[in-house]
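To start, the structure under review is shown below, and the notes come after it.
Remember, it's a predicted structure, so these values are computed and weren't measured experimentally.
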Amino acid sequence: MSTTVDTTPIARQKRNRFMLQAACIAVSLFMLVPIYLISLAALSTRESLNEFPLSLLPTNLSVETLNAFLGSTGIFAALGNSLIVGAGTLLLSALIGVPAGYALARFTFPGKDPYQLFLLFTRALPIVVLSVPLARLFLTMDIYDTTYAVILLHTALALPTTILISASVFLSVPVDVEEAARLFGCSPLGAFGRVVLPMALPGLAAASIFTFVMSWNEVLGASILTLDHRTLPAQVLSSLSDSPLAYRFAGGFALVIPSIIFIALMRRYLTNMWGSTIR
Amino acid sequence: MAVEAPPTPAATVAPPRRRRIPPAVLLIAPSVIFMALLLGWPVIQGVLQAFRDEQGFTLEFVNRMVQDPYFWPAVRNTLLLIVVMIPLQFALAIAMALMLRSNPRLHKVHFFVWAIPLALSDLAAGLVWLSIFNDRGYLNSALSWFGLQGASWLAYDNQTSMFICVLIAELWRATSLVLIIVVAGLQGIPKDYDEAAQVFGATFWQRLRHVTLPLLKPSLQVALILRTILAFQTFAVAQALTGQNFPLVVGETYRWYTGLQNPNVAAALALVILVVSMLTSVFYLRALRDKNQGGLR
Amino acid sequence: MDVNDLTYEGYLAWAKAAKQGAGRPVFGMPAGPKGLHHRFYQGFLLPSFTGGQITTFRNQDAVAGWDYMQELWSAMSPASTNYDYMQEPLARGEVLVAWDHVARLVHAPADKPDDWLMVPAPRGPKGRGYMLIIAGMALPKNGKDRDLAEKAIRALTEPASQIETLRSNAFFPVVQTELPADLTGAIALEAAAVRRQQRSAGALLALPPVGLGAKEGEVSQIFKNCFQQICLETRPIQQVLDTQATQLNTILKALNVPCWAPDPISTKCEVA
């Protein structure tokens, strides 16, 4: 304890500061340690994974299982499919979803509340059940087992979030700016294109990355709708479920890496997408 | 966010001057058509599949579902997991967001790290935690380096530890989604309110209870609905960790569809999930809306 | 005790003694969600105890069989409910003795075949039940290139390609052939054990359910449910078998198929 009364609040503030740092580091460790461990498991030799207790430090590193995993057939073709599906979903859902989001943010119309509820409830049905009638539909349309089929399914799944997120992004763009543009002679479309869209773009970009990530991670539907044109996670998981544990860990690691990259890319926009900026 | 969007700026633009199709309808029409075709139609098919066989209406599939020995455990586990996980997850996410708000050192790095699981598929997350919790995994290894005897965390006869393992893994995987929404919501609240309350001598808990949380309500509502609906959908983590020992309703849907190849019972199970998710969403909307209005009066 | 001629009683005594000796259960079985333990009940345990698979599903012998299973389970590693392929826990040394499909065992002894034993399944009161998988090949009528298709089938059934399948996948040849002497260690272990099992006294062939189509999964699930309720939840055996038999008969009645080995091939298969 200090001798003067005045320093107590400062001491307490210092202590609080310290606790804050410690808590942050604790949470970060909780998030990072599992990632460290799966990397360790993926980069260990198969023999060392059979030992007990497992080494907690990278003493026995090898890329043997990871290489075997990456060298297995179809990984790179599947990566291509994943990118095509992700990009296609992103474009299609933006094309359909952004206008709807704009409408939600700027207009009142009859049936607005039911529409929003409808959006949420469509997410409440398990994908397995949706996929089966869809598979039948796609078979008759002759697009079964193509990337188009997966793009359509993923767009349907991503649309509700795209619409809701872009609505909140547009809400954060002040109406006054748009009105001002109209006053100075812009058409509604011009005001949207020249004023609103540039301001909304960071948020929309974040929403798109979110859509891409959702498409990347969706496995059940993609594996029901395709046979030969699997996306990467679907490919990995269909082949992994019957593989030895070492390969499963390598596969898990291979799926963790892209997610770290995604987050690194979208970090700055992450909070924009929920319409955070000045209201 | 949109569901509880403040109505003030919405109504201002576009007074309809001429009588023709309102622009809003044109803007949302494509999404409605698209969703009706790709989601509405399969949903109807699903409902029909659960209640119809070659002879017409039947309750046979619902009976099969209820008589299955895994059904009631699955319902119990699903509800238990959601009731315990959601409050924990929100408490954690709000705490994390408030921590970030106080600008700790390296707060950008922390935020990045905390957001990583957001982009991770549930299957990958299951594998991550399997490497830790399995009998010869990293947790037991770490204990053994400290000279402690490990335990079979995921054994079928140890329901409590199994539940806690699934809970920890789900907290790790899915808290970031809530965190992002709460952080965004916090950014929308001017710091002046909080500072004003501070000047008047409100304690941290008082400020949290009476200033921050009420202002966060719209964000929390969206996060709650989205998170709960998604929580009803995920089973990969539980399945990777416990196999069939900790059944969840969605996992059962999947098992009936792929393993047992009975799409009718799978559809009946899916309807259970649909109905329960709808009920909880409506409950959230009601509960949070009523309080909100009470606060304004 | 001859390890190549185990009885189920001897197997149980071994499991108990091993548990006591090692201080932890060291026997295991593939009772995970993708494990094949239902094949153990369908093709090994129940035929050995009852001489049948479906018709005898709930009789006194079946109760004795499940009673045995309950006791055996208490001497087994509880982590078994997470095992899909026994070769992994065996290779890691988590369990030391296990039953599984040969193709799901063969990687365990791959590195050090001299340290491992592969032996026939135990025998019970009604014989040594064991399961074989039947694979059939067919050509659609009016298919194109019939000659080539027939050639493909003929090539697949050649002893040489069957041996190649054995070498790379550990699937045992389905045609009569002499095995080469230069098989790798693990495969040689397997081949010897399979031969010994087929030729042993009292060998009783059982098949996985035949002719059930898409309902095969649901029938196999019945056997897994029995394990779940009898071994894990320790419910009264007769009661479990009665309720599961009702379920089983509902499925079988709708299908109306004849029984398969080891049940007598009657016109209609159902639980007596």
How about [X]: does its [atom1] atom have over 12 heavy atoms from other parts shown lying under 6.0 Å from it?
| X | atom1 | value |
| --- | --- | --- |
| C/Q60 | CD | no |
| C/E233 | CD | yes |
| C/K112 | NZ | no |
| B/R52 | CZ | no |

- Lys/Arg N to Asp/Glu carboxylate O, C/E88 vs B/R136, below 4.0 Å: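 A salt bridge is absent here (no side-chain N lies under 4.0 Å from a carboxylate O).
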Distance from [X] atom [atom1] to [Y] atom [atom2], nearest 0.5 Å?
| X | Y | atom1 | atom2 | result |
| --- | --- | --- | --- | --- |
| B/D135 | C/R24 | CG | CZ | 9.5 Å |
| B/D68 | C/N225 | CG | CG | 6.0 Å |
| C/T81 | B/D157 | OG1 | CG | 8.0 Å |
| B/Q67 | C/T243 | CD | OG1 | 9.5 Å |

Chain B contact via [X] - side chain, backbone, both or neither, heavy atoms under 4.5 Å:
| X | answer |
| --- | --- |
| C/E216 | neither |
| C/I222 | neither |
| C/Q228 | side chain |
| C/Q247 | side chain |

- Task: Select all residues of residues 238-265 of chain B having any heavy atom within less than 4.5 Å of some heavy atom of chain C, and report them by number, or 'none'.
- Result: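 Result: B/L241, B/T242, B/G243, B/Q244, B/N245, B/R255, B/W256, B/G259, B/L260, B/Q261, B/N262.
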- Query: Between C/G32, C/P89, C/G217, C/A214, which shows the greatest number of heavy-atom pairs under 4.5 Å with chain B?
  - Reply: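 Top count of heavy-atom pairs under 4.5 Å with chain B: C/A214.
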